[in-house]
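The structure under discussion appears below in the form of structure tokens.
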Amino acid sequence: MSLHRRGPRSADRVDTTRGGSQLDQLDQLDRAFASTRSVLAKVGPEQLGDPTPCASWDVRGVIDHMVGSAYWAAAVVGAGGESTGADLASGDLLAGYDECARVTLAAFGAEGPLRSTFQLPFGEFSGAALLGLVANDQFTHGWDLARAIGLPTDLDPELAEVFLERSRDTVTESYRGADGKAQFGPELPAPPGAGPADRLAAFLGRRV
């Protein structure tokens, strides 16, 4: 369930849009940050140790991962963003998240990254493909936080449909396995009438 874990090897398999413009792609990332921020704003200090659908992480761990992975992606595309490795959830949650969102959006919005290719430890990715991974990661972990603290999980249905369609094209069985060892868990069934965000979560291995 982590962006840092093993990912698809081919950038062609993880295109962020189907012929969309740079604005379209950046808008997806911006909306993913905004969706997750709306959940983060409701996390209380007493909930940081609560379990989440990601068995390896509690609420604090999910937050630290979201911020750290966003800075990691910004650094990959050359913005110099970098996580300090500190316990980010111990500070001002919204200020820390707003800053990582600002840095990451600026990094991908700069001249060049979306037309470039990046060699990562788990394969070669276009800038557009990497942006797609970051956006999906931020959005889905926002779902994890919502489920963990008892909030509604029907997050940005339009955006969730985009991510679900893309995930169905790119997430194969080779990327699935046990929590903490694979990028995604086995696909699970979504209940009848589930919204797009819940169906996305179930497809990526969350129990809905």
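Only this structure's heavy atoms are used, side chains among them; waters, hydrogens and symmetry mates stay out. Numbering starts at 1 and runs along the sequence shown.
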* Asked: What pair of heavy atoms forms the shortest contact from Cys54 to Arg206, and how long is it?
  -> SG-NH2, 3.8 Å
* To do: Report yes if some heavy atom in the side chain of Trp72 is under 4.5 Å from a heavy atom in the side chain of Leu120; otherwise report no.
  => yes
* Answer with yes or no after comparing the ring centroid distance for Phe33 and Phe139 against a 6.0 Å cut-off, counting only values under it. => no
* With sequence neighbours left out, write down each residue that passes side-chain hydrogen bond (donor to acceptor under 3.5 Å, both in side chains) with Thr140, or none if nothing qualifies. => Asn136
* Parallel, tilted or perpendicular for His65 and His141, by the 30°/60° rule? -> perpendicular
* Check whether any side-chain N or O of Thr153 sits under 3.5 Å from a backbone N or O of Trp143 as a donor-acceptor pair, and report yes or no. => no
* Asked: Between Lys42 and Leu151, does a side-chain contact (heavy atoms from CB on, under 4.5 Å) hold up when you go through it step by step?
  -> CA-CA 9 Å; Lys42 297 178 175 65; Leu151 295 179; 3.6 Å; yes
* Can any side-chain N or O of Thr104 pair as donor or acceptor with the backbone N or O of Ala70 at less than 3.5 Å? -> yes
* Asked: Side-chain contact, heavy-atom cut-off 4.5 Å: Phe108 with Val77?
  -> yes
* Examine distances only and state if a side-chain atom of Ser69 and a backbone atom of Met66 form a donor-acceptor pair shorter than 3.5 Å. => yes
* **Shared hydrophobic cluster for Leu145 and Leu94 (ILVMFWY, side-chain gaps under 4.5 Å)** => yes
* **Any Arg147 side-chain heavy atom under 4.5 Å of Thr52 side chain** => no
* Pairs where residues 30-40 contributes a residue and the test salt bridge (Lys or Arg N to Asp or Glu O under 4.0 Å) is met, not counting sequence neighbours -> Asp27-Arg31, Arg31-Asp156, Arg31-Glu158, Arg37-Asp98
* To do: Output the distance between atom CG (Asp24) and atom CD (Gln28), rounded to the nearest 0.5 Å.
  => 7.0 Å
* Asked: Residues in side-chain hydrogen bond (donor to acceptor under 3.5 Å, both in side chains) with Ser35, at least two apart?
  -> none
* Which residues pass the side-chain hydrogen bond (donor to acceptor under 3.5 Å, both in side chains) test with Gln47, sequence neighbours left out? -> none
* Grab the two heavy atoms, one from Gly112 and one from Ser116, that are nearest each other, plus how far apart they are. => O-OG, 2.8 Å
* Structure fact -> Contacts of Arg102 meeting side-chain hydrogen bond (donor to acceptor under 3.5 Å, both in side chains) (sequence neighbours excluded), chain-then-number -> Glu99
* Looking at Asp58 and Leu48, what are the two nearest heavy atoms and their distance? -> CG-O, 3.6 Å
* Spacing of Ser126 atom OG and Leu131 atom CG [to the nearest 0.5 Å] -> 9.0 Å
* Val208 versus Pro191, closest heavy-atom pair with distance -> CG1-CD, 3.7 Å
* Asked: Are side-chain heavy atoms of Pro53 and Asp144 found at a separation under 4.5 Å?
  -> yes
* Can you pull the salt bridge (Lys or Arg N to Asp or Glu O under 4.0 Å) pairs that have at least one residue in residues 190-200, sequence neighbours excluded? -> Glu161-Arg199
* Which atom names give the shortest non-hydrogen contact between Thr36 and Gln138, and what distance separates them? -> OG1-O, 2.7 Å
* Structure fact -> Note: Gly127 and Phe118 closest approach over all heavy atoms is CA-CE1, 3.7 Å
* Side-chain (Arg176) to main-chain (Gly185) donor-acceptor, under 3.5 angstrom -> yes
